[in-house]
Amino acid sequence: MENAVRGPGRAEGWLLAGVVVVALVTTGVLAKSVGTWALEVVWVLAGLPLVIALRKRFPLTRLLCWLLVVHALVLCYGGQHTYAETPLGEWVQQWLGTRRNNYDRFAHVVQGFVPAVAVREVLLRRTPLRPGGWVAFLSVCVCLAISACFEFVEWFSAVVLGSGADDFLGTQGDQWDTQWDMFLCLCGAVISLLVWRRIHDRQLGTAGGRGGTTTA
């Protein structure tokens, strides 16, 4: 039931879009490597115009809009410094005494945490599915598939660019980096569904999808 969706107000929506634009411009100007920055934020550059273009035909819930902005900021910050050299990650590294800058680990948790809500929203609004186990299962599966596609992109970059892709890959010598990335995406997706499910259902409206009532 599309007219039941609770999205941000007009002013709030343009404010969120403005935050993303400012983040893109600022991090792009200050980027250590413009090429690496572009590779990291290409999803933001493609996603923002798409969300704006579809805001009347398919307005997103307020929750999803805010989560998308947070994800965009994570990507912009990582693109500016490269994930292996983010000051925030270095501060946490010194604080915890870890052997590597783990900002990329955090980013991969977010890679599951935000898309899980996006996938759930599309499934509940564009398919006959109702809130419950199947929606949760499919949302997690799609997030894992997205994560795997990211790893394919990184692999292809390494094949084409060789050592020139090191900043983009950010493996920091970890031979299990790919596996960690996908596992943390899985964790982020599961946590997100547990945390946001009820709030998301309320913002989608009592229908939770195409007619019917919310059952879980």
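Index from 1, following the sequence.
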Novice: L186, M182: one ILVMFWY side-chain cluster at the under-4.5 Å cut-off?
Specialist: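 Hydrophobic grouping puts L186 apart from M182.
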Novice: Would you check, one step at a time, whether the test side-chain contact (heavy atoms from CB on, under 4.5 Å) holds for T27 with Y77?
Specialist: CA-CA 7 Å; T27 57; Y77 184 73; 5.5 Å; no
Novice: Give, for atom NE2 of H81 and atom NZ of K32, the distance between the pair rounded to the nearest 0.5 Å.
Specialist: 11.0 Å
Novice: To check you understand the geometry: which heavy-atom pair defines the closest contact between A46 and P49, and what is its length?
Specialist: O-CD, 3.5 Å
Novice: Who passes salt bridge (charged side-chain N to carboxylate O under 4.0 Å, His left out) against E12, sequence neighbours left out?
Specialist: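 R62.
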Novice: Are N102 and L96 packed together at the side-chain level, in the sense that at least one heavy-atom pair is separated by less than 4.5 angstrom?
Specialist: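 When only atoms from C-beta onward are counted, L96 and N102 do not touch, as no gap falls below 4.5 Å.
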Novice: Hey, are the side chains of V20 and V44 touching, using non-hydrogen atoms and a 4.5 Å cut-off?
Specialist: yes
Novice: Of all the heavy-atom pairs spanning G112 and C143, show the shortest one and how long it is.
Specialist: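 Shortest heavy-atom contact: O-SG, 3.9 Å.
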Novice: Compare every heavy atom of L124 with every heavy atom of P131, then report the nearest pair and how far apart it is.
Specialist: N-CD2, 3.5 Å
Novice: At their closest point, which heavy atom of C76 faces which heavy atom of W37, and how far apart are they?
Specialist: O-CD1, 4.3 Å
Novice: Is there a path of hydrophobic side-chain contacts, each under 4.5 Å between heavy atoms, that joins V22 and L15?
Specialist: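 Hydrophobic grouping puts V22 apart from L15.
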Novice: When you measure from the side chain of D181 to the backbone of H108, do you find a donor-acceptor pair of N or O atoms at a distance under 3.5 Å?
Specialist: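 Checking the backbone N and O of H108 against the side chain of D181, no donor-acceptor pair under 3.5 Å is found.
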Novice: At their closest point, which heavy atom of V74 faces which heavy atom of F106, and how far apart are they?
Specialist: CG2-CE2, 3.9 Å
Novice: Working to the nearest 0.5 Å, report the span between SG of C65 and CD of Q203.
Specialist: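 Answer for the SG-CD pair, C65 versus Q203, is 9.0 Å.
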Novice: Looking at CD of E90 and OG1 of T98, how far apart are the two atoms once the value is rounded to the nearest 0.5 Å?
Specialist: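 One finds 10.5 Å between CD of E90 and OG1 of T98.
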Novice: Less than 4.5 Å apart, side chain to side chain, heavy atoms only: is that true for W66 and L16?
Specialist: yes
Novice: Tell me, with the steps shown, if F113 and V70 meet side-chain contact (heavy atoms from CB on, under 4.5 Å).
Specialist: CA-CA 11 Å; F113 193 82; V70 171; over 6 Å; no
Novice: Under a 3.5 Å distance rule, please check whether R198 uses its side chain to pair with a backbone N or O of W196 as donor and acceptor.
Specialist: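 No; zero donor-acceptor contacts below 3.5 Å.
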Novice: Tell me, please, which residues at least two apart from R55 pass salt bridge (charged side-chain N to carboxylate O under 4.0 Å, His left out).
Specialist: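 With neighbours one apart ignored, the set is empty.
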Novice: Atom CG of L50 and atom CG of L45: how far apart are they, to the nearest 0.5 Å?
Specialist: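 Between L50 CG and L45 CG, I get 13.0 Å after rounding to 0.5 Å.
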Novice: Please step through side-chain contact (heavy atoms from CB on, under 4.5 Å) for the pair V19 and L73, ending with a clear verdict.
Specialist: CA-CA 9 Å; V19 169; L73 295 178; 4.2 Å; yes
Novice: Within the structure provided, determine whether L129 and L138 are in side-chain contact (heavy-atom separation under 4.5 Å).
Specialist: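 When only atoms from C-beta onward are counted, L138 and L129 do touch, with a gap below 4.5 Å.
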Novice: Heavy atoms only: give me the nearest H200-V117 pair and the separation to one decimal.
Specialist: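 Reported closest heavy-atom pair: CE1-O, 3.6 Å.
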Novice: Give me the one residue out of E121, R125, R120 that meets side-chain hydrogen bond (donor to acceptor under 3.5 Å, both in side chains) with T61.
Specialist: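 Output: one option passes, namely E121.
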Novice: Would you say V42 and V34 are hydrophobically clustered, going by side-chain heavy atoms of ILVMFWY under 4.5 Å?
Specialist: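 As far as the 4.5 Å side-chain criterion goes, V34 and V42 are not connected within one cluster.
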Novice: Heavy-atom distance under 4.5 Å between the side chains of W180 and R105, does that happen here?
Specialist: yes
Novice: Would you say the side chain of P115 lies within less than 4.5 Å of the side chain of V142, judging by non-hydrogen atoms?
Specialist: no
Novice: At what distance, to the nearest 0.5 angstrom, does CD of Q111 lie from CG of L75?
Specialist: 8.5 Å
